[in-house]
Undergrad: 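Before I ask anything, let me first share the structure, which is written out below as structure tokens.
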Amino acid sequence: MNEKRIAIVTGAAKGIGKAICIRLVRDGYFVIAVDQDPTGEQGLIDELGKDAVACNNMNICNEQQVKDLFADTVKQYGKIDAVVNNAGIIRDNMIWNMSVDDFDAVINVNLKGTWLMCREAAMIMKVQKSGRIVNIASRAWLGNRGQSNYSASKAGVVALTRVLALELGKYNISVNAIAPGLIDTPLTQKLEKDVLQKLIEAQPSKSMGTPDDVAKAVAFLAADTTNFITGQTIYVDGGKSIGANM
Ligand SMILES: NC(=O)c1ccc[n+]([C@@H]2O[C@H](COP(=O)([O-])OP(=O)(O)OC[C@H]3O[C@@H](n4cnc5c(N)ncnc54)[C@H](O)[C@@H]3O)[C@@H](O)[C@H]2O)c1
């Protein structure tokens, strides 16, 4: 049995996922860093040293790969203390221009992939009678033009989080979500400059958040010292969800 807390983090190669891995290692965890893109992973593992291991080329939508990840982790480390479901994608368009492929791809990764990860986590944590699951949703679950697929997928993540909090509460497992707003990551760096500037202007904070702003909230919810908070969605969005100036 490993002395350190063991965490699985998906979408770990860059952006918010990478910051979560760094923050959790700093807090004393051993991290299994999962991503389907192997390119960013090695740099992260070099940075984190012996406190993390990369699980490359892993797709969270592949049921067998998810089952193997959890089975291998328990075999190797004896337990799983926290699972952070962060991997996600966008394929934005107005609904009249959105293809079925774009709808399916986003629902598949953001909702089905998160559900698959939660199901395996639940089975193991239920036996352990302990665990923390943190799902990364988005402020966009409240609704965003051009994101009918993405907003629906993240609304699904919020609902999933609430249901699992009900189902798993008596096993000492908490399940919470974080809804980030505009965060400076490779995903948002792809936006047109003028579009990004308008989004920043619409923020009460008039700024973007950093990946570590999200990571700090994840660390709070993943900690074994954080009790009696479950089924909640915490906004890390510079106040945008208040909606007063939208
Ligand atoms: N950046 C933002 O402003 C923002 C705002 C709200 C919510 N979010 C959410 O935060 C999470 C991280 O966003 P980010 O901005 O860091 O994104 P990113 O694109 O920078 O990184 C996402 C990572 O997830 C990985 N990934 C994607 N699909 C995968 C799959 N099927 N299996 C395994 N790994 C997969 C990618 O390879 C990538 O490394 C996402 O769920 C996103 O929806 C981001």
Side-chain angles (χ1 to χ4, degrees), residues 8-23 32-45 54-66 68-69 83-92 102 104-118 120 134-144 146-147 149-158 160-161 177-191 195-196 198-200 202-203 205 207-215 217-218 233-241:
I8 296 177
V9 179
T10 68
K14 52 180 173 292
I16 293 170
K18 183 174 180 177
I20 293 168
C21 293
I22 292 167
R23 171 65 52 188
I32 294 103
V34 172
D35 208 292
Q36 67 179 2
D37 169 16
T39 48
E41 287 265 87
Q42 199 47 52
L44 173 66
I45 298 306
C55 183
N56 291 324
N57 294 314
M58 157 142 188
N59 182 356
I60 60 157
C61 306
N62 182 313
E63 183 178 11
Q64 194 54 52
Q65 287 187 9
V66 173
D68 291 347
L69 167 73
V83 172
V84 184
N85 293 309
N86 164 76
I89 60 168
I90 52 170
R91 298 245 187 122
D92 296 353
D102 286 346
D104 285 347
V106 168
I107 296 290
N108 206 32
V109 176
N110 297 4
L111 184 53
K112 183 183 160 194
T114 301
W115 181 86
L116 279 171
M117 290 288 298
C118 285
E120 294 310 305
V134 184
N135 295 325
I136 305 301
S138 170
R139 187 210 61 85
W141 86 274
L142 297 170
N144 244 9
Q147 293 198 311
N149 52 357
Y150 183 77
S151 292
S153 74
K154 294 298 190 178
V157 170
V158 170
L160 172 67
T161 301
I178 302 225
L182 196 59
I183 307 294
D184 189 8
T185 71
L187 187 137
T188 43
Q189 283 153 15
K190 284 183 210 145
L191 293 169
V195 173
L196 186 59
K198 275 189 192 144
L199 290 172
I200 293 171
Q203 287 283 129
S205 64
S207 64
M208 297 177 89
T210 68
D212 192 47
D213 290 329
V214 180
V218 170
T233 297
I234 295 184
Y235 291 88
V236 181
D237 71 343
K240 182 84 185 287
S241 53

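Residue numbers count from 1 along this sequence. This is a predicted model, so every value here is computed, not measured. Indexing begins at 1, ligand by ligand and atom by atom, following the structure's order.
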Undergrad: Might you work through the side-chain contact (heavy atoms from CB on, under 4.5 Å) test for M117 and T10, ending with a clear yes or no?
TA: CA-CA 9 Å; M117 290 288 298; T10 68; 3.4 Å; yes
Undergrad: Is any side-chain heavy atom of N144 closer than 4.5 Å to one of R139?
TA: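 Yes, their side chains come closer than 4.5 Å.
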Undergrad: Partners of N56 by side chain to side chain donor-acceptor pair (under 3.5 Å), sequence neighbours excluded?
TA: none
Undergrad: Taking I89's backbone N and O only, do any of them form a donor-acceptor pair with N110's side chain (distance below 3.5 Å, no angle check)?
TA: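 Yes, the answer is positive, given that a donor and an acceptor are paired below the 3.5 Å cut-off.
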Undergrad: Taking a 3.5 Å cut-off between nitrogen or oxygen atoms, can you list every pair linking ligand 1 to the protein, with distances?
TA:
residue  : atom   : partner : partner atom : Å
ligand 1 : 1 (N)  : I183    : O            : 3.4
ligand 1 : 1 (N)  : T185    : OG1          : 3.2
ligand 1 : 3 (O)  : G181    : O            : 3.2
ligand 1 : 3 (O)  : I183    : N            : 2.8
ligand 1 : 3 (O)  : I183    : O            : 3.3
ligand 1 : 15 (O) : T185    : OG1          : 2.5
ligand 1 : 16 (O) : I16     : N            : 2.8
ligand 1 : 31 (N) : N59     : OD1          : 2.8
ligand 1 : 32 (N) : M58     : O            : 3.4
ligand 1 : 32 (N) : I60     : N            : 3.1
ligand 1 : 34 (N) : Q36     : N            : 3.4
ligand 1 : 37 (O) : D35     : OD1          : 2.6
ligand 1 : 39 (O) : K14     : NZ           : 3.3
ligand 1 : 39 (O) : D35     : OD1          : 3.4
ligand 1 : 39 (O) : D35     : OD2          : 2.7
ligand 1 : 41 (O) : N86     : O            : 2.7
ligand 1 : 41 (O) : K154    : NZ           : 2.9
ligand 1 : 43 (O) : Y150    : OH           : 2.5
ligand 1 : 43 (O) : K154    : NZ           : 3.2

Undergrad: Has the side chain of T233 got a donor or acceptor atom that lies under 3.5 Å from a matching backbone atom of I178?
TA: no
Undergrad: Does any part of the side chain of W141, heavy atoms only, come nearer than 4.5 Å to the side chain of V157, both counted from C-beta?
TA: no
